[in-house]
*Asks:* 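This is the structure I have questions about; it appears just below.
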Amino acid sequence: MGSDLHASTILAVSVRVRMAPSPTGYLHIGNVRTALFNWLFARHHGGEFRLRIENTDTSREVAEATGQIQDSLRWLGLDWDGPVTFQLDRIDLCRQRAGALLEAGLAYEDDGAIRFRMPEEGTTAWEDLILGPVEVRNATIEDVVIVRSDGRPTYNFASPVEDAEDGITHVIRGPDHVSNTPKQIQILRALGAPVPVYAHSPNVNGDDGRKLSKRHGAITVDEFRTAGYTPDALVNYLALLGWSYDDRTTLMTRAELVERFTLERVGTSPAVFDYRKLDWMNGVHLRGLDPEVYASTLVAFLRERGRSWDEELVRRSAPLVQEKIVRLGEYESFAGFLFEEPELREPELLDAAVLTPAVAALEEVRPWNAAGIEKALREVAAGLALKPREAFQPIRVALTGSRVSPGLFESLELLGRERALTRLRAVAAG
RNA sequence: GGCGCAUUCGUCUAGUGGCCUAGGACACCGCCCUCUCACGGCGGCGGCACGGGUUCGAAUCCCGUAUGCGCCUCCA
């Protein structure tokens, strides 16, 4: 047995937690929240955060999902310690432990499977770091199958065996595991292994109060990534789902989250994932980026999406959109007119009475910059006795195809004299 | 059905018996700023699930009811 080894590692590391996802598909945002709590807890205490894949076979799907999970965690910045471990590699260990329980009379065979003998009387209780004291009468718990008749260990057996093997000190997981906990505690005790401290976080639900699923919107890390959310914003938002620092702090950096996170301040009631608040928070994080960093982030984002737009122009346009868009994914529809001819969806908003004199005035602008353009266009508006907003809207629509756009004068400058004038002339004539 | 957990503005939450005629944030509404949008500023709407206790005093403690969620798989 490795109990001596466990004792020494536990002494060396005061806190060791793990995330133990099953490799079925992409990383779900609810699991990420749980992973985040584990990660914050570990980093806050200077402990370790381990990644353990609860695979039960080695199919290609599993290999893909395993890679996806790691990519997503890396993108989020949730780094783990030590190697990734796999449940499948612990099968022999589990069988050996099951054999020991069998010999000790603490488990018995049942139609080829092995069942753990739960105590028939008394209660199993634990002090949950989030829920507080929880107590379950043993009589209500059935003898759980720990090894199937085909020889594979079940989750409720493999999980505690692995926790013991890995020297896990705190098990922080979702609320769906509350009723598994007394079973796992009894198994651990029967094994003579240390029982970790448990903490069951509340659920994250959709706006109908039910489990977060596809129909609520984005649910996998990958979807948030391609929509243009930043890891820092997502982490900030997720941290606040079930946890709070005080009565007023909502915007926090990663370092602040690590410094401030404690399980004591994790609540007990389920939270609803609010995409609108995430959007707001993402906008705040985006606006807070250094302009250079923002531009590079935008370039990388577009490249990842397969856009081959001129990088120089993207960079020059970045400051114009940084204050305006809330997700990087909005850039394409918001600033796409800089790279491609826009589609004129609302031709009724065009007005030749404005466009014709505007083109004439712009032809005289030298040098071609936002200040000169603004001066010229304001004079056109004044000459037509129009309010600036009335005069500029047809020009905006002609230029960008939309009534919502980055600043008009800056947009004209960026597009360049020839392209801008050509486009405006074509629309004015048409 | 059994067991467990939960229940403060639409949403995330603060609140651990008097500081609460319940605070903050998002959303929403109005006004201001303004070339659109966004940002920003100011203001507004809006909540302790219900019923009993305990207490001088309850959002906070106890009991019950209702509702929701989870588990009750040789799934994880």
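To find a chain, count down the sequence lines: A is the first, B the second, and so on, and within it residues start at 1.
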*Asks:* Should the pair A/Glu54-A/Arg52 be classified as a salt bridge under the 4.0 Å nitrogen-to-oxygen rule?
*Replies:*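 Salt bridge between A/Glu54 and A/Arg52, a charged N being under 4.0 Å from a carboxylate O: yes.
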
*Asks:* When you match A/Leu131 and A/Pro406 each to their closest nucleotide on RNA chain B, which lands nearer the 5' end?
*Replies:*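 The answer here is A/Leu131.
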
*Asks:* How far, in whole Å, is B/C48 from B/A58 if one measures between their C1' atoms?
*Replies:*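 It comes out at 11 Å once rounded to the nearest Å.
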
*Asks:* Against the six-membered ring of A/Tyr245, is A/Arg260 placed for a cation-pi contact (under 6.0 Å from the centre, within 45° of the normal)?
*Replies:*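 Yes, cation above the ring, under 6.0 Å and within 45°.
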
*Asks:* Measuring only the P atom in each nucleotide, how far is B/G64 from B/G4? A whole number of Å is fine.
*Replies:*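 Straight-line distance between the two P atoms is 12 Å.
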
*Asks:* In whole Å, what separates the P atom of B/C69 from that of B/C33?
*Replies:*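 These two P atoms come out 49 Å apart once rounded.
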
*Asks:* Just to be sure I understand the rule, does A/Arg389 reach a base, reach only the sugar-phosphate, or reach nothing, if contact means heavy atoms closer than 4.0 Å?
*Replies:*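 Sugar-phosphate: the residue A/Arg389, judged by heavy atoms under 4.0 Å, touches backbone atoms but no base.
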
*Asks:* Nearest whole angstrom, please: distance from the P of B/A25 to the CG of A/Leu240.
*Replies:*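 That distance rounds to 13 Å.
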
*Asks:* Taking the six-membered ring for Trp and the single ring otherwise, decide whether the centroids of A/His285 and A/Tyr237 are under 6.0 Å apart.
*Replies:*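 Not close enough - the centres of the two rings lie 6.0 Å or further apart.
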
*Asks:* Once you round it to whole Å, what is the distance between P of B/C12 and CG of A/Asn236?
*Replies:*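 It is 17 Å, rounded to the nearest whole Å.
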
*Asks:* In whole angstrom, give the distance that lies between atom CG of A/Asn282 and atom P of B/A27.
*Replies:*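 One finds 13 Å between P of B/A27 and CG of A/Asn282, rounded.
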
*Asks:* So if I take every side-chain heavy atom of A/Phe409 and compare against B/C35, B/A14, B/A25, which nucleotide ends up nearest?
*Replies:*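 When the side chain of A/Phe409 is considered, B/C35 is the closest of B/C35, B/A14, B/A25.
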
*Asks:* Quote, to the nearest angstrom, the P distance that separates B/U11 from B/C28.
*Replies:*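 It comes out at 15 Å once rounded to the nearest Å.
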
*Asks:* Rounded to the Å, how far apart are A/Leu412 CG and B/C35 P?
*Replies:*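 Value for this atom pair: 15 Å.
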
*Asks:* Do A/Tyr229 and A/Asp279 get their side chains close enough for a donor-acceptor pair, meaning under 3.5 Å?
*Replies:*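 Yes, side-chain donor-acceptor contact under 3.5 Å.
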
*Asks:* Taking the six-membered ring of A/Phe261 as reference, does the cationic atom of A/Arg265 (NZ for Lys, CZ for Arg) lie under 6.0 Å from its centre and within 45° of its axis?
*Replies:*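 Here A/Arg265 fails the 6.0 Å and 45° test against A/Phe261.
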
*Asks:* Who does B/G64 pair with, Watson-Crick or G-U, both distances under 3.5 Å?
*Replies:*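 B/C50 - that is the nucleotide pairing with B/G64, both distances being under 3.5 Å.
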
*Asks:* Going by modelled atom types, is there a donor-acceptor pair between the base of B/C39 and the side chain of A/Arg287 at under 3.5 Å?
*Replies:*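 No such pair is found, so the answer is no.
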
*Asks:* Measure from the side chain of A/Lys324, starting at C-beta and using heavy atoms only, and say which of B/C37, B/C26, B/C12 lies closest.
*Replies:*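 The answer is B/C37, which lies nearest to the side chain.
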
*Asks:* Whole angstroms only, please: what is the CE-P distance between A/Met252 and B/U13?
*Replies:*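 Taking atom P of B/U13 as the reference, CE of A/Met252 is at 12 Å.
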
*Asks:* If you check every side-chain atom of A/Trp280, which of B/C35, B/A27, B/A6 has the closest atom?
*Replies:*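 Nearest nucleotide to the side chain: B/A27.
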
*Asks:* Identify whether any heavy atom of A/Ser405 sits under 4.0 Å from a base atom; if not, whether one sits that close to sugar-phosphate; answer base, sugar-phosphate or nothing.
*Replies:*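 Since a base atom lies under 4.0 Å of A/Ser405, the category is base.
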
*Asks:* Salt-bridged, A/Arg16 to A/Asp81, with N to O below 4.0 Å?
*Replies:*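 A salt bridge is absent here (no side-chain N lies under 4.0 Å from a carboxylate O).
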
*Asks:* Tell me whether the side-chain N/O atoms of A/Arg265 come closer than 4.0 Å to OP1 or OP2 in B/G15.
*Replies:*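 The answer is yes; a side-chain N or O of A/Arg265 sits under 4.0 Å from OP1 or OP2.
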
*Asks:* So, are A/Arg248 and A/Asp246 salt-bridged, with charged N and O less than 4.0 Å apart?
*Replies:*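 A salt bridge is absent here (no side-chain N lies under 4.0 Å from a carboxylate O).
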
*Asks:* What is the base-pairing partner of B/G2, counting Watson-Crick and G-U wobble geometry with both distances under 3.5 Å?
*Replies:*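 B/G2 is paired with B/C71.
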
*Asks:* Decide if atom CD of A/Glu121 counts as having more than 12 heavy atoms of other residues, nucleotides or ligands within a radius under 6.0 Å.
*Replies:*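 No, the 6.0 Å shell around CD holds no more than 12 heavy atoms from other groups.
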
*Asks:* For A/Glu410, which contact category applies under a 4.0 Å heavy-atom criterion: base, sugar-phosphate, or nothing?
*Replies:*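 Touches a base.
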
*Asks:* Which nucleotide wins on minimum distance to the side chain of A/Asp247, given the candidates B/U36, B/U11, B/A14?
*Replies:*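 Per side-chain heavy atoms of A/Asp247, the pick is B/A14.
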
*Asks:* Mapping A/Asp274 and A/Arg403 to their closest nucleotides on RNA chain B, which lands nearer the 5' end?
*Replies:*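 Whichever sits nearer the 5' end wins; that is A/Asp274.
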
*Asks:* For A/Tyr245 and B/G15, give me the distance from atom OH to atom P, rounded to whole Å.
*Replies:*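 It is 12 Å, rounded to the nearest whole Å.
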
*Asks:* Checking base pairs now: Watson-Crick or wobble, both atom distances under 3.5 Å. What partners B/U55?
*Replies:*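 Pair assignment: B/U55 / none.
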
*Asks:* Under 3.5 Å for both donor-acceptor distances, Watson-Crick or wobble: does B/C42 have a partner, and if so which one?
*Replies:*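 Pairing partner, where one exists within any strand: B/G30.
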
*Asks:* In whole Å, what separates the P atom of B/U8 from that of B/A14?
*Replies:*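 Pairwise P distance, B/U8 against B/A14, rounds to 10 Å.
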
*Asks:* Both distances below 3.5 Å, Watson-Crick or wobble geometry, any strand: find the nucleotide opposite B/A14.
*Replies:*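 Matched B/A14 with nothing under the 3.5 Å cut-off.
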
*Asks:* Under 4.0 Å, counting only non-hydrogen atoms across every strand here, what does A/Leu408 touch: a base, just sugar-phosphate, or nothing?
*Replies:*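 Base: the residue A/Leu408, judged by heavy atoms under 4.0 Å, touches a nucleobase.
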
*Asks:* Rounding to an integer number of angstrom, what distance separates B/C5 and B/C61 when you compare their P atoms?
*Replies:*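 Those two atoms are separated by 15 Å.
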
*Asks:* Salt bridge check: are A/Arg97 and A/Glu165 linked by an N-O gap of less than 4.0 Å?
*Replies:*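 Between A/Glu165 and A/Arg97 there is a salt bridge, with a charged N closer than 4.0 Å to a carboxylate O.
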
*Asks:* In whole Å, what is the span from the CE atom of A/Met118 to the P atom of B/G2?
*Replies:*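 Taking atom P of B/G2 as the reference, CE of A/Met118 is at 20 Å.
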
*Asks:* I'd like the C1' distance from B/U34 over to B/G40, given in whole Å.
*Replies:*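 One C1' to the other, the span is 11 Å.
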
*Asks:* May I ask you to say whether A/Glu259 pairs ionically with A/Arg43, meaning some side-chain N is under 4.0 Å from a carboxylate O?
*Replies:*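 No.
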
*Asks:* Determine the Euclidean distance between corresponding C1' atoms of B/C3 and B/A22; express it in Å to zero decimal places.
*Replies:*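 Result for the C1' pair: 35 Å, nearest Å.
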
*Asks:* Mark up nucleotides 66-76 of chain B, 5' to 3', with B wherever a protein heavy atom is under 4.0 angstrom from a base atom, S wherever such an atom reaches only the sugar-phosphate, and - elsewhere.
*Replies:* ---SSS-SBSB

*Asks:* Starting at CG of A/Leu278 and ending at P of B/U11, how long is that distance when rounded to a whole Å?
*Replies:*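 The distance from CG of A/Leu278 to P of B/U11 comes to 17 Å, rounded to the nearest Å.
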
